[in-house]
Amino acid sequence: MSPPGVTIAACRSGWWWTARAGACSRPSPTTARPPGRWSGWTSLPPRWWSASGPSGPAGCGRPPPRPIRPSCEPAPAWRCHDLALTEGILLAYAGRWGEPKSLHAAWARLHGLPVPDDDLPQVPRYQPALFEPERSGLPEGEGLVAVLGEVYADQQRRLAVAEHPERLRLLVAAESAGALAAVEMAEAGLPWRLDVHDQLLTGLLGPRPAPGTLPRQLRELAVRIGEAFGEPVNPDSPGQVVRAFAAAGITVPSTRMQVLREVDHPAVPLLFEYKELSRLFSAYGWSWLDSWVRAGRMRPEYVPGGVVSGRWATRGGGALQIPRAVRQAVVAEPDWTLVVADAGQLEPRVLAALSGDRGLERAARGGDLYGGLAAAAFGGDRPRAKVALLAAIYGQTSGEAGQLLGVLRRRFPEAVGYVEAAARAGEEGQLVRSRLGRTCPPPSTGWRERTAALGRAAEDDEEVRAARRSARDRGRFTRNFVVQASAADWALALLAALRLRLDSSRPAAPELVFFQHDEVVVHCQPADAVEVVAAVAEAADEARRLVFGGTPVRFPLDSAVVSCYADAK
DNA sequence: AAACGAGGCGCC
DNA sequence: AAAGGGCGCCTCGTTT
């Protein structure tokens with residue numbers, strides 16, 4: 001029996017989860033879709049719920065095809081509820097970080113029974129079918145739907161007693177809708193031109209090498225590096241490189257690019273070139289293509305909620321770290337196009353909205369926040385304004401940034417005060433939350449033991465210095481957390497609002513193909529591009545209104561209609 | 001042989 | 001005076 005007012009929603013992507021439970025270590029390519037699994041209804045994991053329509057799979061009882069839903073269609077709540085992700089949000093909210101959050105764990109906690117671990121190795125990570133439990137452990141005769149209903153009702157009770165129930169409910173809705181979008185996006189895949197990628201690699205590295213060997217260009221660079229040092233050196237070994245520099249009479253603390261940039265030695269430019277190409281080859285080279293690109297699409301494994309701040313992570317493929325050069329290979333299919341939209345200066349705008357600082361809000365009303373900031377307080381010096389604001393958000397205090405932060409504090413006391421309060425809370429071991437209530441992890445017991453030294457005698461010994469360092473580290477983390485996690489709140493709301501506007505029931509409908517923290521890519525027919533651009537802008541404004549209420553801060557999007565991702569910026 | 005941490009880079 | 005947040009993934013070099 002379903003909870004009152006709750007119906008099951010399904011989407012066509014369910015097969016993907018089915019594949020996960022089997023032998024596949026990553027999403028199957030479209031061509032390898034398991035036969036008989038393509039029913040949508042039976043293969044969807046039971047974590048997804050719909051609180052009110054749409055009451056069936058895509059295409060059922062929908063209005064006539066339109067690329068974009070009418071903007072007047074109300075979308076106050078997103079119609080799914082992911083029990084496990086919600087459990088994680090609620091546990092974190094209560095300071096109970098890391099406790100198992102699976103359906104069974106939540107149910108067992110509710111009944112005071114032994115709580116199963118989230119990561120039992122021998123069981124599938126996801127439920128194999130809609131009404132099958134994800135793993136054994138439910139008592140005999142206990143219907144899964146009844147269990148779902150119980151846990152759902154319990155979560156609703158816990159949401160209701162939060163400090164801002166409406167915000168936390170919105171977070172849960174956005175998180176759940178995001179999880180749905182993640183599966184759809186993984187199913188769709190990012191259009192990827194194998195031939196373009198191969199040409200890029202061949203042009204920079206030489207022909208594809210035999211397995212286990214380096215491409216020609218890397219081999220030659222390694223030889224030239226050895227010649228520059230007068231002895232063979234493995235450029236991949238920081239230890240060898242440091243020793244080689246020492247032999248040449250140059251002492252370097254490490255082989256970081258920032259360090260080597262200051263070094264005058266013929267090997268340095270060669271090392272830079274080697275590092276760049278080596279990374280391209282090893283992380284995004286031919287074997288990456290073999291693993292992640294099939295049938296013209298790159299299919300990452302998104303992990304919604306994979307980052308403590310609420311950002312997504314990916315499992316394998318490095319889909320959220322694709323180097324700019326490689327984006328040349330992301331090309332729309334023939335007679336299609338890409339709409340690439342990214343939120344400019346998102347985190348500073350989020351800080352303006354969070355803090356309600358009048359001055360920063362004023363700067364954030366325009367299209368160029370840093371420009372506005374520079375005009376207001378930095379004599380028009382935009383780079384300095386940017387450094388100052390980023391220092392506030394990231395907790396940088398050294399060098400010029402520290403000085404500029406002082407200027408910022410005098411002119412924008414509420415904005416700087418907001419992040420500094422979060423930093424103090426973190427240093428004291430307290431929890432901080434995003435706008436919608438996403439909560440940072442509590443400090444470890446080791447941290448508490450280390451920082452306990454601060455309460456005792458203030459001798460400036462090693463123990464006290466270590467304690468101060470630990471406290472400051474956590475302060476920087478919580479300072480950044482409130483901004484980064486609130487930006488993730490907004491981005492998730494944007495994604496959910498946009499997904500609702502894209503009508504996937506129509507043939508050749510626009511498809512969401514990529515989401516990266518503050519950026520979305522929609523693959524669509526050129527005739528739909530204008531509407532898609534408008535839909536993203538509407539979604540961004542809806543996210544602003546939902547997450548930040550009546551803030552005057554704008555969240556403008558830089559949108560581009562391009563055939564190649566690399567042309568977007 | 002496999003597991004791990006460190007050093008390092010690139011994405012946001 | 002002052003070590004900028006989050007992640008994934010590569011390689012090396014050591015430990016198990």
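Lettering of chains follows the sequences in order, A, B, ..., and the numbering in each one begins at 1. Heavy-atom basis, side chains included; hydrogens, waters and symmetry copies ignored.
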Tell me: [atom1] of [X] to [atom2] of [N], nearest whole Å?
X: A:Glu519; N: C:dG6; atom1: CD; atom2: P; result: 22 Å
X: A:Phe515; N: C:dC7; atom1: CZ; atom2: P; result: 16 Å
X: A:Glu400; N: C:dG4; atom1: CD; atom2: C1'; result: 15 Å

inquiry  = At less than 4.0 Å, is any side-chain N or O atom of A:Asn234 found next to OP1 or OP2 of C:dC12? Yes or no.
reply    =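 True: A:Asn234 side-chain N/O within range (under 4.0 Å) of C:dC12 OP1/OP2.
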Name the orientation class of the two ring planes belonging to [X] and [Y] (parallel below 30°, tilted from 30 to 60°, perpendicular beyond 60°).
X: A:Phe514; Y: A:Tyr302; result: tilted
X: A:His265; Y: A:Phe245; result: perpendicular
X: A:His197; Y: A:Trp192; result: tilted

task = Pull out every residue in residues 243-258 of chain A that has a heavy atom closer than 4.0 Å to any atom of DNA chain B, ordered by number, or say none.
result =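 Those residues whose heavy atoms fall under 4.0 Å from DNA chain B, taken from residues 243-258 of chain A in numerical order, are A:Ser254, A:Thr255, A:Arg256, A:Met257.
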Strand contacts (DNA chain B) in residues 271-287 of chain A, 4.0 angstrom heavy-atom criterion =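 Nucleic-acid contacts, sorted: A:Lys275, A:Arg279.
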ask   = From the list C:dG4, C:dA3, C:dG8, which nucleotide is the closest neighbour of the side chain of A:Arg469?
value =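 Minimum distance to the A:Arg469 side chain belongs to C:dA3.
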message = Among B:dC12, C:dG13, B:dC11, which nucleotide has an atom closest to any side-chain atom of A:His517?
response =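 Of the candidates, B:dC12 comes closest.
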Salt-bridge criterion met for [X] and [Y] (N-O under 4.0 Å):
X: A:Arg224; Y: A:Glu227; result: no
X: A:Arg554; Y: A:Asp541; result: yes
X: A:Arg208; Y: A:Asp290; result: yes
X: A:Arg450; Y: A:Glu463; result: no

task = Give me the one residue out of A:Thr478, A:Asn480, A:Asp473 that meets side chain to side chain donor-acceptor pair (under 3.5 Å) with A:Arg476.
result =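 Only one of A:Thr478, A:Asn480, A:Asp473 forms a side chain to side chain donor-acceptor pair (under 3.5 Å) with A:Arg476, namely A:Asp473.
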ask   = Is A:Arg327 touching bases, backbone alone, or none of the nucleic acid, heavy atoms closer than 4.0 Å?
value =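 Sugar-phosphate contact only.
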query = If you measure from the C1' atom in B:dC9 to the same atom in C:dA1, how many Å do you get, rounded?
reply =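 To the nearest whole Å, 29 Å.
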inquiry  = Under a 3.5 Å threshold, yes or no: a donor from one side chain and an acceptor from the other, between A:Asp368 and A:Gln345?
reply    =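 Yes, because at least one side-chain N or O of A:Asp368 sits under 3.5 Å from a partner of the opposite role on A:Gln345.
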